[in-house]
Amino acid sequence: MAICTLLTDFGLRDYYVGAVKGTLLKGAPGSVIVDLTHQIEAGDVEGAAWVLAAALPSFPAATVHLAVVDPGVGSRRRLLAARVADQYCVAPDNGLLTKVFDGAQVHAVDRRDLFLEAAGATFDGRDRFAPISAYLLRGGRIDDLGPIIDDPVRLTLETATRNGTRIVGRVVHVDHFGNLVTNIPSEWCTRPLRRARAGSLEVRQSADYYAELAAGETAVLPGSMGTLEISMRDGDAAAASGLKRGVRVQIDLE
Amino acid sequence: MAICTLLTDFGLRDYYVGAVKGTLLKGAPGSVIVDLTHQIEAGDVEGAAWVLAAALPSFPAATVHLAVVDPGVGSRRRLLAARVADQYCVAPDNGLLTKVFDGAQVHAVDRRDLFLEAAGATFDGRDRFAPISAYLLRGGRIDDLGPIIDDPVRLTLETATRNGTRIVGRVVHVDHFGNLVTNIPSEWCTRPLRRARAGSLEVRQSADYYAELAAGETAVLPGSMGTLEISMRDGDAAAASGLKRGVRVQIDLE
Amino acid sequence: MAICTLLTDFGLRDYYVGAVKGTLLKGAPGSVIVDLTHQIEAGDVEGAAWVLAAALPSFPAATVHLAVVDPGVGSRRRLLAARVADQYCVAPDNGLLTKVFDGAQVHAVDRRDLFLEAAGATFDGRDRFAPISAYLLRGGRIDDLGPIIDDPVRLTLETATRNGTRIVGRVVHVDHFGNLVTNIPSEWCTRPLRRARAGSLEVRQSADYYAELAAGETAVLPGSMGTLEISMRDGDAAAASGLKRGVRVQIDLE
């Protein structure tokens with residue numbers, strides 16, 4: 001059975017998610033729909049890009065990922081369909097796919113015949129993204145959706161750097177538990193940690209998992225995305241420190 | 001495969017939604033369950049009525065919509081099963097189906113043999129609505145659920161009015177993004193907008209989509225339900241204005 | 001089709017739930033995934049134990065319940081797979097299964113060959129619990145997962161007591177509506193209620209359902225789990241009283 005994931009900033013209290021799901025099931029009966037999240041902050045394209053890239057590797061071949069965080073809905077921004085390894089993504093051309101473009105084949109969708117006739121121009125999730133996704137779920141060829149392009153909108157994503165024992169990166173995600181997820185590859189910590197600094201927070205210990213720490217202690221851990229995280233045992237490191245996505249993280253090894 | 005949507009005020013942190021789903025899957029194996037929302041405010045029958053009517057048209061034939069916002073659970077209020085075009089709704093007789101009654105065939109369910117024996121009288125979602133829905137999902141005939149009635153409880157829903165260039169309606173829904181959704185048909189705006197007033201909010205521009213506006217600007221837009229909405233670009237019109245559902249909206253055209 | 005429920009403290013705004021679902025669908029194609037809740041408070045093992053025990057009876061035979069509230073992730077705490085009547089549970093050995101152990105056959109999972117190679121040691125939900133659950137969903141034998149044990153970690157759960165007309169119990173759950181769910185069996189109220197006390201709250205009436213009460217009135221009702229609840233009509237008894245889980249409840253019958 002074809003799988004379709006959903007990633008939006010629609011929230012969970014409206015009819016929006018239901019209408020997208022109904023449209024998918026009407027257009028591709030028998031599909032399995034999986035919510036990634038609908039709680040991306042309104043218009044937070046970068047946050048959506050991170051979650052999509054983190055979840056995608058767990059899904060089987062031929063999965064279709066429908067991602068709609070789309071402040072430009074209704075304007076002339078393009079609608080993209082991308083083949084990412086053996087999976088598919090359908091999203092607006094606003095950078096949402098930035099973190100999965102590597103090696104991807106990206107098409108600008110040009111199939112108005114598939115779109116729904118609809119009231120208003122503010123719900124492309126239902127009226128355009130869902131029918132395009134249903135087409136792929138039914139086994140439609142992505143090559144027939146529109147021309148391959150090489151100029152999709154890309155977010156500027158800084159990568160971490162290292163120089164001797166000094167590593168510099170950023171917090172790229174704050175998760176539900178308040179873990180401060182960085183863009184620093186865990187394997188860069190080849191030697192013991194001397195100190196990690198992020199804003200006014202200073203951390204002097206590392207760990208492999210939370211239970212190594214005493215309650216309330218903060219440490220640097222290798223996270224589930226392959227990058228370092230700053231975490232507090234039985235606590236919320238982000239709330240305790242006041243740090244947010246984007247803050248610079250500097251790590252000094254011994 | 002039979003589809004069953006769920007619309008409740010149960011929230012997402014309890015066992016209630018899971019118990020309803022388990023009961024549906026036990027009674028109608030293989031059904032596809034779709035959450036519309038479980039975040040209707042506790043007891044807000046009118047809010048539920050709006051979301052149900054907005055989502056229903058996106059679903060395929062034979063879908064069963066199980067809607068439980070039911071402050072009267074346990075009392076003698078009737079349990080309804082309705083055929084709405086080619087779909088079905090199961091809900092308490094408290095007005096929840098008001099916006100889909102038009103042309104519907106409404107039955108008062110009279111099938112205690114289908115109900116579950118259960119502890120307490122406070123969880124009809126699990127004990128009565130789910131088994132009745134499972135019966136329909138299995139292909140059971142709605143005509144065998146109980147007599148057709150013509151006196152279901154109806155909410156009083158005001159409709160918008162127009163007189164020359166003046167249109168008067170109400171905010172009938174505030175969505176996740178803070179859009180103030182009105183009951184004024186979008187096609188009534190046949191001429192340029194001179195002014196829209198809602199409470200102390202005055203809006204002097206219209207748009208087709210958000211990206212036409214500068215950040216923070218508020219405008220009147222044709223929304224995804226076929227009615228006008230008051231929206232703020234990259235902002236929350238409801239929070240900024242303090243307006244809520246029910247407020248009067250007056251629009252003057254040129 | 002095999003059913004897998006999910007019960008976690010992962011929240012809904014991250015990639016965690018999606019990654020678990022993708023792993024399940026990759027390992028056991030065609031499975032039906034049902035969210036119990038992902039909004040257990042971070043690390044609240046007792047809260048998770050209550051929700052699991054409440055939902056489980058509604059599910060059909062062979063359902064697999066994957067429950068991850070796991071502050072000890074990455075440490076040497078065991079991973080359990082349990083046969084509970086005709087269903088299965090997969091959870092960390094931290095007491096989460098306490099309320100379903102009665103009559104259960106509990107295995108300590110010893111199948112590293114099934115685990116995923118993964119970055120970090122903080123996401124066993126994806127890397128260990130999901131593959132073990134997928135194995136059961138595919139029809140794998142629980143007896144091959146590891147040895148039967150008789151010493152799983154158990155939470156200390158007080159039971160209610162009665163002495164003549166006096167009943168003493170505790171609030172064991174506060175639900176979404178603010179109902180204070182106790183551990184006092186509803187059938188113990190064999191005579192009219194004289195008084196119920198919980199903290200500074202005193203209740204002098206009982207009811208069978210909310211609609212018997214006037215708005216804002218508080219009463220003791222038989223709840224949907226077979227135990228008594230303290231509820232407020234059209235209100236939130238927990239918020240109004242400030243009472244939380246764990247508070248002592250004393251009931252005096254006439």
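Below, each value reflects all heavy atoms present in this structure, side chains not excepted, and no hydrogens, waters or symmetry copies.
Between A:Ala211 and C:Gly72, the shortest heavy-atom contact is CB-CA, 4.2 Å. Across all non-hydrogen atoms, the minimal contact from A:Phe59 to C:Gly18 is CZ-O, 3.1 Å. Nearest heavy atom pair, residue C:Arg13 against residue A:Thr37, reads CA-OG1, 3.3 Å. Nearest heavy atoms, A:Ser224 versus C:Arg126: O-NH2, 3.0 Å.
Taking CD1 of A:Ile40 as the reference point, atom CG of C:Asp14 lies at 8.5 Å (rounded to 0.5 Å). The OG1 atom of C:Thr122 sits 10.0 Å away from atom CZ of A:Phe177, with the distance rounded to the nearest 0.5 Å. Note: C:Lys21 NZ to A:Asp35 CG = 5.5 Å, rounded to the nearest 0.5 Å.
For a residue to count as touching a neighbouring chain, one of its non-hydrogen atoms must lie under 4.5 Å from one of that chain's; by this rule A:Leu56 does not touch chain C. Interface remark: A:Asp208 contributes backbone atoms only to the contact with chain C (heavy atom separation under 4.5 Å). Interface residue A:Ile3: only side-chain heavy atoms are found under 4.5 Å from chain C. With a 4.5 Å cut-off on non-hydrogen atoms, C:Asp9 touches chain A through its backbone and its side chain both. Of the atoms belonging to A:Leu221, it is side-chain heavy atoms, and not backbone ones, that fall under 4.5 Å from chain C. At a 4.5 Å heavy-atom cutoff, C:Arg77 makes no contact with chain A through either its backbone or its side chain. The contact between C:Tyr16 and chain A is made entirely by side chain atoms (from C-beta outward), counting heavy-atom distances below 4.5 Å.
Around the CG atom of C:Asp86, the shell of radius 6.0 Å holds more than 12 heavy atoms that belong to other residues, nucleotides or ligands. The 12-atom threshold is not exceeded at CD of C:Glu41, counting heavy atoms of other residues, nucleotides or ligands nearer than 6.0 Å.
For the set A:Pro222, A:Ala55, A:Ala54, the count of heavy-atom pairs under 4.5 angstrom toward chain C peaks at A:Ala54.
At a threshold of 4.5 Å between non-hydrogen side-chain atoms, the residues C:Tyr15 and A:His173 do not count as touching.
Proximity to chain C among residues 23-34 of chain A is limited to A:Val32, A:Val34, judged by heavy-atom separations below 4.5 angstrom.
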